[in-house]
2 protein chains.
Amino acid sequence: MTGAARKPSKRDQTVSDGLATAIHEHRLTPGMKLNEDEVGEIFGVSRTIVRSALQSLSHERLVVIEPNRGAFVAQPSIREAREVFEARALLEPRTAHSAAIRTTPADMDLLKRHIDEEHAAIDAGETGRALRLSGSFHIEIARIADQATIATFIGQLVARSSLVIAMYWRRRNALCESHAHHALLDALAAHEADRAEELMTSHLVDLVSLLELTEPPDGPTSLKEALRTE
Amino acid sequence: MTGAARKPSKRDQTVSDGLATAIHEHRLTPGMKLNEDEVGEIFGVSRTIVRSALQSLSHERLVVIEPNRGAFVAQPSIREAREVFEARALLEPRTAHSAAIRTTPADMDLLKRHIDEEHAAIDAGETGRALRLSGSFHIEIARIADQATIATFIGQLVARSSLVIAMYWRRRNALCESHAHHALLDALAAHEADRAEELMTSHLVDLVSLLELTEPPDGPTSLKEALRTE
DNA sequence: TCGCTGATGATTGTATACAATTATTGCCAG
DNA sequence: CTGGCAATAATTGTATACAATCATCAGCGA
């Protein structure tokens with residue numbers, strides 16, 4: 001349930017969802033090459049479908065397509081990383097505000113279950129899954145705010161954040177942010193919109209502070225990529 | 001120069017730019033069917049390219065792809081229309097703020113020339129072109145703000161606004177908004193960030209006020225569309 | 001006349017074949 | 001042994017062919 005959007009005829013969606021999930025869970029890491037034949041064989045579809053899915057992901061900036069060279073998992077620059085979180089800082093707090101006003105008991109149940117899953121994933125050591133769920137939490141809030149357009153943007157930003165985290169999050173001391181999510185949950189439950197807004201703001205600030213956006217990113221995945229002059 | 005983004009191998013871009021421009025200029029109106037063979041023949045490319053371009057436009061919500069039925073110019077609902085301008089209200093004022101701080105003389109020249117072109121188009125009665133240029137003005141400001149990520153979002157919103165205007169702008173008494181753009185220009189030139197922010201806010205409010213978002217939209221383009229039960 | 005059903009035609013969905021481009025490897029001159 | 005170059009292989013870009021789905025309409029029966 002990443003994003004309820006257009007419908008490029010189902011099979012494209014399967015492939016791009018599969019790839020997107022793998023990226024969210026850091027199983028596909030920045031810079032990796034996505035060979036069309038290979039991907040096609042994995043999902044049991046032809047290159048036509050794969051190309052369609054890759055273009056879709058490229059539009060969301062999860063993948064970069066270099067003409068005649070192929071598709072690669074995106075490697076957001078430090079600047080891009082900053083921009084992504086600046087955009088989130090612009091969109092998410094107000095969205096949390098709106099969400100706090102509209103949160104229904106059903107929404108609360110969903111969010112609670114979400115956090116539980118997140119904890120379970122952390123306890124089970126499935127950091128990849130935990131990370132993806134952590135992002136979904138933000139998307140869920142955007143959905144509750146009932147602003148589909150903004151929710152779409154936030155969805156894209158969360159997805160890109162996953163790449164940023166993969167590249168710039170050096171200190172991997174477990175996702176300590178679950179506390180922040182809990183606090184947000186409380187504010188939403190109490191319909192305290194202003195508090196929710198503030199909590200979201202500081203939560204995002206915290207996230208950025210956990211990144212190391214002053215140094216160049218990790219070395220590339222493969223030697224080839226390392227020695228490319230681009 | 002609508003958007004400097006990914007590069008799906010040049011030819012897709014040509015087609016999708018062509019279609020997008022036509023939509024911006026209201027030569028393609030909401031609900032129109034975009035037949036793949038037809039479009040392909042017009043641009044001299046195969047359906048492969050056309051489909052790629054259509055998917056791209058569908059991702060930006062300018063086009064809606066209905067599985068097994070084809071691609072149509074999007075018909076934003078009243079709700080979508082509101083959301084688009086709410087999102088703009090969230091993004092553009094702060095962007096104008098940033099832009100005011102960073103505007104260079106070169107930027108000013110560009111914006112001035114832009115406004116001149118806009119006026120020329122209005123005087124020449126080319127309302128379509130005027131409308132497109134009016135949108136580009138906003139995009140230009142986002143570019144000046146030097147936030148590529150947010151600029152991309154604004155670009156999409158401006159594009160969708162064009163559809164909203166096509167559907168909901170009943171009173172077509174010339175684009176009187178050029179005054180607002182002039183005022184913005186002045187604020188940018190003077191680096192008065194706060195004023196630029198306020199001007200942008202009120203400009204967007206004005207724009208929305210010119211729309212009629214209380215009634216259902218215009219009748220469909222063709223009888224077929226009219227009688228569809230969707 | 002109205003409504004249903006089945007055949008026909010048009011359009012989209014997918015796979016595959018071929019062309020163009022890029023990457024790799026082996027070879028030879030220096 | 002090194003560096004450049006040419007041949008080969010691998011991969012992407014595009015067009016086309018075929019399959020699947022949907023729209024249209026004629027024909028039939030009520």
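Only heavy atoms go into these numbers, but all of them, side chains included; no hydrogens, no water, no symmetry mates. Letters A, B, ... mirror the listed sequences (proteins, then strands); counts begin at 1.
The salt bridge (Lys or Arg N to Asp or Glu O under 4.0 Å) analysis of residues 106-115 of chain B, with sequence neighbours excluded, yields the pairs B:Asp107-B:Arg143. The salt bridge (Lys or Arg N to Asp or Glu O under 4.0 Å) pairs that include a residue from residues 37-49 of chain A are A:Glu36-A:Arg47, where partners are two or more places apart or lie in different chains.
When the side-chain nitrogen and oxygen atoms of B:Arg69 are compared with OP1 and OP2 of D:dA23, one or more of them lie within a distance under 4.0 Å. Put simply, A:Arg11 has a side-chain N or O that comes within less than 4.0 Å of OP1 or OP2 on C:dT14. For the OP1/OP2 pair of C:dA23 and a distance below 4.0 Å, the side-chain nitrogens and oxygens of A:Lys33 include no atom meeting the criterion. Between A:Arg51 and D:dG13 there is a side-chain polar atom (N or O) within less than 4.0 angstrom of OP1 or OP2.
For A:Arg160, the side chain to side chain donor-acceptor pair (under 3.5 Å) criterion is met by A:Glu80, not counting sequence neighbours. Residues passing the ring pair (Phe, Tyr, Trp, His ring centres under 6.0 Å) test with A:Phe85: none are found, sequence neighbours excluded.
In this structure, CD of A:Glu41 is placed 13 Å from P of C:dA15, rounded to the nearest angstrom. Nucleotide C:dT12 holds its C1' atom 11 Å from the CG atom of B:Leu54, rounded to whole Å. Between the CD1 atom of A:Ile65 and the C1' atom of D:dG13 there is a distance of 12 Å, given to the nearest Å. In this structure, CD of B:Glu66 is placed 12 Å from P of C:dT12, rounded to the nearest angstrom. Between the C1' atom of D:dA15 and the CG atom of B:Asp12 lies a distance of 13 Å, rounded to the nearest Å. The distance from atom CD of B:Glu36 to atom P of D:dA15 is 14 Å, rounded to the nearest whole Å. Taking atom CG of B:Asn35 as the reference point, atom C1' of C:dT11 lies 7 Å away to the nearest angstrom.
The two atoms that bring A:Gly70 and A:Lys33 nearest to each other are CA-CE, 4.3 Å, heavy atoms only. Smallest separation of non-hydrogen atoms from B:Thr95 and B:Ile141: CG2-O, 4.3 Å.
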Shorter than 3.5 Å, N or O on both sides, protein versus nucleotides 16-21 of chain C: list them out with atom names.
residue : atom : partner : partner atom : Å
C:dT21  : O3'  : A:Asn68 : ND2          : 3.3

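Using a 30° and 60° split on the angle between ring planes, B:His181 and B:His203 fall in the perpendicular class, above 60°.
In this structure, the helix from C:dT1-D:dA30 to C:dG30-D:dC1 shows an angle of 0° between the axis at its start and the axis at its end, each fitted on 5 base pairs and rounded to 10°.
Tested against B:Arg129, the residues B:His26, B:His24, B:Glu117 include a single side-chain hydrogen bond (donor to acceptor under 3.5 Å, both in side chains) partner, B:Glu117.
Ion pairing between a basic and an acidic side chain is recognised when a charged N comes within 4.0 Å of a carboxylate O; A:Arg88 and A:Glu92 show such pairing.
With distances taken from any side-chain atom of A:Asp37 to the nucleotides C:dT12, D:dT12, D:dA15, the minimum falls on D:dT12.
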